[in-house]
Amino acid sequence: ARISRFRPPADANGRKTSSARSTMSYQRAFLVLVIARAASAVVNIVHDCDETFNFWEPLHYLVHGHGLQTWEHSPEFALRSYLYLG
């Protein structure tokens, strides 16, 4: 009997062998993880709290003249520009 490269090996009754079943279970598990990851990316708006606080706190400081200023926007370090906030 010749084994095809595109078909999983089968036993004498034509059923898939355990290696083919384990490959299918790994593929199914991978698919479930990919779907869960994609759903999380769509549903979760803020993935990191710094994304929120590094935007709203400097914006409040600019608009109202008081409040917290993150170190990235402070004149001492000046890693980020205020143009992004405006």
| query | Of all heavy-atom pairs between Gly67 and Tyr61, which one has the smallest distance, and what is that distance? | reply |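 In this case the closest contact between Gly67 and Tyr61 is O-CD1, 3.7 Å.
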| field | Members besides Leu31 in its Ile/Leu/Val/Met/Phe/Trp/Tyr cluster (side-chain heavy atoms under 4.5 Å) | value |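 Ile35, which link up through side-chain heavy atoms under 4.5 Å apart, make up the rest of the cluster.
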| task | Please confirm whether the backbone N or O of Trp71 pairs with a side-chain atom of Ser74, one donor and one acceptor, at under 3.5 Å? | result |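 Checking the backbone N and O of Trp71 against the side chain of Ser74, a donor-acceptor pair under 3.5 Å is found.
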From [X] [atom1] over to [Y] [atom2], what is the distance, rounded to the nearest 0.5 angstrom?
{"X": "His73", "Y": "Leu59", "atom1": "NE2", "atom2": "CG", "value": "9.5 Å"}
{"X": "Gln69", "Y": "His66", "atom1": "CD", "atom2": "NE2", "value": "13.5 Å"}
{"X": "Thr70", "Y": "Glu57", "atom1": "OG1", "atom2": "CD", "value": "7.0 Å"}

| task | Please name all residues satisfying ring pair (Phe, Tyr, Trp, His ring centres under 6.0 Å) with Phe30, sequence neighbours left out, ordered by chain then number. | result |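 By the ring pair (Phe, Tyr, Trp, His ring centres under 6.0 Å) rule, Phe30 matches no residue at all.
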